[in-house]
*Asks:* 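For reference, the structure I am asking about is given below.
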Amino acid sequence: MATDTLTSKPGAQGGATGGLRRLLLDNGALTALIVLVIAMSALSGDFLTADNLLNVGVQAAVTAILAFGVTFVIVSAGIDLSVGSVAALSATVLAWSATEAGVPVALAVLLAVATGIVCGLVNGFLVSYGKLPPFIATLAMLSVARGLSLVISQGSPIAFPDSVSHLGDTLGGWLPVPVLVMVVMGLLTAFVLGRTYIGRSMYAIGGNEEAARLSGLRVKKQKLAIYAFSGLFAAAAGIVLASRLASAQPQAAQGYELDAIAAVVIGGASLAGGTGKASGTLIGALILAVLRNGLNLLSVSAFWQQVVIGVVIALAVLFDTLRRKAGATTPAAGASGGGNRGRQALTYVIAAVVAVAVVGATSLLHNGSSADAKPKIGLSLSTLNNPFFVQIRDGAEEEAKKLGVDLTVTDAQNDASQQANQLQNFTSGSLSAVVVNPVDSDAAGPSVRGANQAGIPVIAVDRGVNKADTSALVASDNVEGGALGAKALAEKLGGKGTIVILQGQAGTSASRERGAGFAEGLKAYPGIKVVAKQPADFDRTKGLDVMTNLLQAHPDIDGVFAENDEMALGAIKALGSKAGTSVQVVGFDGTPDGLKAVRAGTLYASVAQQPSELGRIAVRNALRAAEDEKVEKMVKVPVKVVTKENVAGFEG
């Protein structure tokens, strides 16, 4: 039976140098983690602090818990792409049950856990009895679970019960509960893999499924249990994640399945099955967390961060391949001689010595560093995959350069949990102030409260932050903008006609507010009938596809309202020659491409928010707040309906 440890062939190298080389190769993930910690500590004086290291632990927790569950699957030569969606669905079930349905919180938690287990069982059934490849079965569950999460929540975040939200708090004011949950789940994983019948079965199935079946293992039933374990751990991760954000986000944990798989592989497991261990998975999750944390502290571009993380994952797997080619062999099941234990103990001693050396070296390196350098401000944007927010960034960077401010910009990629991590990193760094454009107003609250406790002023831009103190909110009114868009479109149509609405990303406050404002404004025009509403996720390509589909069912519409210019431009492409002639389109944001379409006459109007001005004012107010100057609590940047008549003199 295959097991989860690898040892070097005897005699491969001689002497102390060869022994050290084998030690490093046999513990490649740990070696990589130590090197990464040393590098980050040397490059940033803010990295090796108690607060920041706890931040790293918190930020690794959700990925690690997901990855522990995925470890069971990968060890048995399977794959689970659904864990991120299952985590979101489980958290949504808990929040909805405890709030909307009035179910007792304890029962709601059990329902959430049961949801994860059922999803895992369905995956296992499809793989074992339906004979579907694990990739296809879990890919289907990824879509089903995410869709059910959106159906249950109606696309809006649901407040989490206070009694469960304590999972996102700290014990004694310093020890984060998510870290404790991560440790407990890690110990459970190690116990299952190393001390139970099903754990040994996982290695046997992953090593050679046919041999395992012939030896008497009931492989199909074992796979049901393996995927059920993965679903259980995904549910636990979802509950921890929602607790950190104080709300269940239907779009939470998107892409986390890839991080979980990466953590398992970085930790030494093989996608071919038969190898893997809990400690390696934990180290893999910590490597990803340290990397993201350090790159934030070093003010590395949000775009380059993705490149760096991809390269590190590839190098880690390449290092593991090198380790195997260097002469690793797989011992018999249950083999754990004193030599292995001694080598492992030596590994941890070396790691401890290196850690102490790093503390001493970095304290000397950063001692006496200039405390009166130019002010540092962090800007966390909900996404940079949208021209509107790119303009906010450009305006902020222009103002920062003018004022002599060191500005660090991060991209949350519309992920509330990723933004929470970025805000935590800002809080532990030596920043003068923070500017945040929340993915979700509720989800940003806990992280902003952390900045409040650290005495760092926070400026909200475009969207407010709930249940936390912000020095100022710099925003235009999305609700007012929606109402103005309704008025512009209705008056252009003469108060009569049929229209369709392209909605933004489900669950975002911008989509909710713009849609609510448009609906309110449309009440004054009873002759306008909305015949269809469909989300297109603020994306131009999706706007094109959704509009094309809607035209099949409603070919004679008179108008389109899109909740941002990107979707409006996609709709114009789908409409072709109808755009600006028989069908009037109104967008939102006043982006450069949107204004170009207004000049061309294909887009009738755009409700412009002057995003560059939002960025400039936000940085200006952040610097004032950092210097204890008076700042207005609400700074309004007026919205403006831009049409062909006034576009010539407008600057967005």
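Everything numeric in this text was worked out from a predicted model, so none of it was measured.
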*Asks:* Is a side-chain donor-acceptor pair under 3.5 Å present for N425 with Q59?
*Replies:* yes

*Asks:* If we only count heavy atoms from C-beta on, is the V73 to M202 side-chain gap below 4.5 Å?
*Replies:* no

*Asks:* Can you give me the closest heavy-atom contact between A420 and R244, atom names plus distance?
*Replies:* CB-NH2, 3.8 Å

*Asks:* Shortest non-hydrogen contact from S201 to Q222?
*Replies:* CB-OE1, 3.8 Å

*Asks:* Check whether any side-chain heavy atom of F426 sits under 4.5 Å from a side-chain heavy atom of L423, and report yes or no.
*Replies:* yes

*Asks:* Is there a donor-acceptor pair under 3.5 Å between the side chain of N437 and the backbone N or O of S382?
*Replies:* yes

*Asks:* If we ignore hydrogens and angles and just use 3.5 Å, is the side chain of S215 paired with the main-chain N or O of A212 as donor and acceptor?
*Replies:* yes

*Asks:* Got a second to check how far S428's OG is from L297's CG, nearest 0.5 Å?
*Replies:* 5.5 Å

*Asks:* Should the pair F233 and F72 be assigned to parallel (<30°), tilted (30 to 60°) or perpendicular (>60°) ring geometry?
*Replies:* perpendicular

*Asks:* Is any side-chain heavy atom of F47 less than 4.5 Å from a side-chain heavy atom of V290?
*Replies:* yes

*Asks:* Are the side chain of S97 and the backbone N or O of A108 linked by a donor-acceptor pair below 3.5 Å?
*Replies:* no

*Asks:* Which residue is it: N52, N421, N55, D46? I am looking for the one with a side chain to side chain donor-acceptor pair (under 3.5 Å) to N293.
*Replies:* N52

*Asks:* Any side-chain heavy atom of L282 sitting closer than 4.5 Å to one from M182?
*Replies:* yes

*Asks:* Hey, what do you get for CG (L298) to CD (Q305), rounding to the nearest 0.5 Å?
*Replies:* 9.5 Å

*Asks:* Within this structure, what is the CD1-CD1 distance for the pair I287 and I309, rounded to the nearest 0.5 Å?
*Replies:* 12.5 Å

*Asks:* At what distance, to the nearest 0.5 angstrom, does OG1 of T138 lie from CD1 of I79?
*Replies:* 7.0 Å

*Asks:* Going through the checks in order, is the side-chain contact (heavy atoms from CB on, under 4.5 Å) test met by D411 and T383?
*Replies:* CA-CA 5 Å; D411 175 10; T383 180; 4.2 Å; yes

*Asks:* Checking R463 side chain against P438 main chain: does a donor-acceptor pair fall under 3.5 Å?
*Replies:* yes

*Asks:* Measure the CG-CG distance between N123 and L224 for me, rounded to the nearest 0.5 Å.
*Replies:* 10.5 Å

*Asks:* Output the distance between atom OG1 (T189) and atom CZ (F229), rounded to the nearest 0.5 Å.
*Replies:* 9.0 Å

*Asks:* Is any side-chain heavy atom of P161 closer than 4.5 Å to one of L94?
*Replies:* yes

*Asks:* Please name the residue in the list V164, V177, V181 that meets the side chain to side chain contact (heavy atoms under 4.5 Å, CB included) test with S243.
*Replies:* V164

*Asks:* Do M40 and L291 come within less than 4.5 Å of each other through their side chains, counting heavy atoms only?
*Replies:* yes

*Asks:* Does a side-chain heavy-atom distance below 4.5 Å link R200 with Y203?
*Replies:* no

*Asks:* Would a distance-only check, ignoring hydrogens and angles, find a side-chain to backbone donor-acceptor pair under 3.5 Å from T275 to S270?
*Replies:* yes

*Asks:* Between R512 and D440, is the side-chain contact (heavy atoms from CB on, under 4.5 Å) condition met? List the steps.
*Replies:* CA-CA 11 Å; R512 293 197 305 271; D440 179 79; 3.9 Å; yes

*Asks:* If only atom types and distance count, is the side chain of T92 paired as donor or acceptor with the main-chain N or O of A248 below 3.5 Å?
*Replies:* no

*Asks:* Could you pull out the closest heavy-atom pair between A278 and G186, with the gap in Å?
*Replies:* CB-O, 3.7 Å

*Asks:* Ignoring hydrogens, what is the shortest heavy-atom contact between G57 and V179? Give both atom names and the distance.
*Replies:* C-CG2, 3.6 Å

*Asks:* Just checking D169: does its CG atom have more than 12 heavy atoms from other residues, nucleotides or ligands closer to it than 6.0 angstrom?
*Replies:* yes

*Asks:* Identify the two heavy atoms, one from A137 and one from L132, that lie closest to each other, and give their separation to 0.1 Å.
*Replies:* CB-CB, 4.2 Å

*Asks:* Please test S247 against D442 for side chain to side chain donor-acceptor pair (under 3.5 Å), starting from the C-alpha separation and ending with a verdict.
*Replies:* CA-CA 7 Å; S247 62; D442 290 320; 5.7 Å; no

*Asks:* For the backbone of S41 and the side chain of S44, can you confirm whether one donor and one acceptor N or O come within less than 3.5 Å of each other?
*Replies:* no

*Asks:* Within a strict 4.5 Å, meaning less than it, do heavy atoms of the V458 and V465 side chains meet?
*Replies:* no

*Asks:* Please report the shortest heavy-atom distance between P178 and L167, naming the atom on each side.
*Replies:* CD-O, 3.2 Å

*Asks:* Between Q505 and F538 (side chain of the first, backbone of the second, donor and acceptor by atom type, cut-off under 3.5 Å), is there such a pair?
*Replies:* no

*Asks:* May I ask you to check whether Y256 and S417 show a side-chain donor-acceptor distance below 3.5 Å?
*Replies:* yes

*Asks:* Output, in order, the C-alpha distance, side-chain angles, deciding distance and verdict of side-chain contact (heavy atoms from CB on, under 4.5 Å) for R213 and E210.
*Replies:* CA-CA 5 Å; R213 186 185 66 80; E210 182 62 17; 2.5 Å; yes

*Asks:* Should V192 and I198 be marked as a side-chain contact (heavy atoms from CB on, under 4.5 Å) after you check the CA-CA gap, both sets of side-chain angles, and the distance that decides it?
*Replies:* CA-CA 7 Å; V192 170; I198 190 173; 4.0 Å; yes

*Asks:* Ignoring hydrogens and geometry, is there a side-chain-to-backbone donor-acceptor pair from D80 to V70 under 3.5 Å?
*Replies:* no

*Asks:* Answer yes or no: is there a donor N or O on one side and an acceptor on the other, between the side chain of S149 and the main chain of A145, under 3.5 Å?
*Replies:* no

